[in-house]
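Here is the structure we will look at.
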Amino acid sequence: MIRLSTPLGAEVLDLHAGDRVLLSGTIYTARDEAHLKIQKDGFPFDPAGAVLYHCGPVVDTKRNVIVAAGPTTSARMNGLTAPMIDAGVRALIGKGGMSAEVREILSGRGVYFAFTGGCAALAASCMELVACHYPELGMAEAVWEIRVRDMPLVVGIDAHGGDLFADVACEVRERYTKLPL
């Protein structure tokens with residue numbers, strides 16, 4: 001198990017697809033609308049070494065706590081990712097993998113961490129709410145600043161072109177072609 005703390009630096013370039021990581025520090029939720037708002041109005045935080053979590057958390061705003069924070073499908077952000085990485089974001093967290101284009105964008109620059117879908121309560125259990133940016137976007141689309149402690153992740157796409165999701169898709173295609181029809 002590899003322990004990492006934000007902001008992330010060049011240490012992420014040593015990770016390989018399949019490595020297990022415990023992440024601590026500050027992360028920021030960002031779904032489609034947040035990506036678009038950031039591109040239009042700028043980052044409400046320093047993107048250098050930042051980690052974006054593709055997530056629309058459920059937040060109890062009266063108690064100021066995160067109730068559930070499961071990942072959303074990262075492929076929705078494929079076309080919105082380049083400006084984030086260009087600005088210095090070092091890692092993305094989500095589910096389901098991302099495109100070959102994003103794999104190329106991450107090459108030599110960053111990583112994509114996978115977090116298992118359906119584990120929203122587990123994710124929330126290691127999180128502390130810090131702030132909300134762009135609240136006008138609504139709960140699911142706002143940028144939530146969150147402090148995490150030992151968030152369990154798997155490197156899904158590394159900075160060397162390794163991609164667990166592409167590997168599985170390739171293996172499935174191979175097995176399918178061998179099936180008797």
Side-chain angles (χ1 to χ4, degrees), residues 1-36 38-39 43 47-57 69-120 122-123 126-127 141 143 146 148 150-179:
M1 191 69 70
I2 300 163
R3 290 184 175 277
L4 295 175
S5 295
T6 65
L8 299 175
E11 72 277 10
V12 300
L13 304 180
D14 295 329
L15 298 173
H16 295 280
D19 285 348
R20 294 180 302 150
V21 169
L22 291 175
L23 181 67
S24 295
T26 302
I27 65 173
Y28 305 89
T29 65
R31 291 179 12 150
D32 318 61
E33 293 301 317
H35 280 70
L36 293 169
I38 288 168
Q39 289 176 31
F43 284 88
V51 177
L52 297 183
Y53 183 24
H54 298 152
C55 171
T72 195
T73 303
S74 293
R76 292 176 23 210
M77 274 57 76
N78 283 336
L80 302 169
T81 297
M84 304 299 134
I85 302 303
D86 290 345
V89 168
R90 277 289 191 175
L92 311 167
I93 302 171
K95 72 175 180 183
M98 297 190 81
S99 67
E101 291 77 22
V102 171
R103 185 173 59 238
E104 289 178 27
I105 291 164
L106 291 172
S107 181
R109 300 164 75 190
V111 297
Y112 172 79
F113 293 120
F115 187 79
T116 305
C119 294
L122 171 64
C126 66
M127 296 178 167
E141 292 292 341
V143 174
I146 299 169
V148 296
D150 292 338
M151 185 176 187
L153 304 167
V154 174
V155 178
I157 303 173
D158 63 34
H160 314 285
D163 184 339
L164 290 181
F165 300 94
D167 292 349
V168 168
C170 184
E171 185 176 326
V172 167
R173 280 191 300 276
E174 245 179 62
R175 287 184 183 193
Y176 180 78
T177 61
K178 294 177 183 174
L179 289 175

A side-chain contact here means heavy atoms from C-beta on lying under 4.5 Å apart; do Val21 and Met1 qualify?
no
Under a 4.5 Å cut-off applied to non-hydrogen side-chain atoms, are Phe43 and Val89 in contact?
yes
Any side-chain heavy-atom pair of Lys95 and His54 under 4.5 Å
no
So, do Gln39 and Leu80 sit near enough that their side-chain heavy atoms are less than 4.5 Å apart?
yes
Just how far is it from atom CD1 of Ile146 to atom CE of Met151, taken to the nearest 0.5 Å?
8.0 Å
Nearest non-hydrogen partners of Pro57 and Thr29, listed with the distance:
CD-CG2, 4.0 Å
Between Ile93 and Leu23, is any pair of side-chain heavy atoms under 4.5 Å apart?
yes
Shortest non-hydrogen contact from Leu164 toward Val155:
CD1-O, 3.4 Å
Report yes or no: does Ser24 contribute a side-chain atom to a donor-acceptor pair with the main-chain N or O of Asp150 at less than 3.5 Å?
yes
Ignoring hydrogens, what is the shortest heavy-atom contact between Leu52 and Met84? Give both atom names and the distance.
CD1-CG, 3.8 Å
Given the rule in the side chain to side chain contact (heavy atoms under 4.5 Å, CB included) test, do Leu4 and Phe113 qualify, once you have shown the distances and angles that lead to the verdict?
CA-CA 12 Å; Leu4 295 175; Phe113 293 120; 4.0 Å; yes
Between atom CG of Leu106 and atom OG1 of Thr81, what is the distance when rounded to the nearest 0.5 Å?
7.5 Å
Quick check: does any side chain N or O of His160 sit under 3.5 Å from a backbone N or O of Leu13, one acting as donor and the other as acceptor?
yes
Minimum heavy-atom separation for Ala69 to Ala123, with atom names?
O-CB, 3.2 Å
Of all the heavy-atom pairs spanning Gly70 and Tyr53, show the shortest one and how long it is.
C-OH, 3.4 Å
Measuring only between side-chain heavy atoms, which start at C-beta, is Tyr112 closer than 4.5 Å to Ile105?
no
With no hydrogens and no angle check, is any side-chain donor or acceptor of Arg20 less than 3.5 Å from a backbone partner on Ile2?
no
Judged by atom type as modelled, is there a donor-acceptor pair below 3.5 Å linking the side chain of Ser5 to the main-chain atoms of Gly25?
no
Heavy-atom pair of closest approach, residues Leu8 and Arg90:
O-CG, 3.5 Å
Minimum side-chain heavy-atom gap Met98-Asp163 below 4.5 Å:
no
Please report the interatomic distance CZ(Arg31) to CG(Leu36), rounded to the nearest 0.5 Å.
12.0 Å
With distance as the sole test, does Glu141 use its side chain to make a donor-acceptor pair with the main-chain N or O of Glu33 at under 3.5 Å?
yes
Compare all side-chain heavy atoms of Asp32 with those of Met77 and state whether any distance is below 4.5 angstrom.
yes
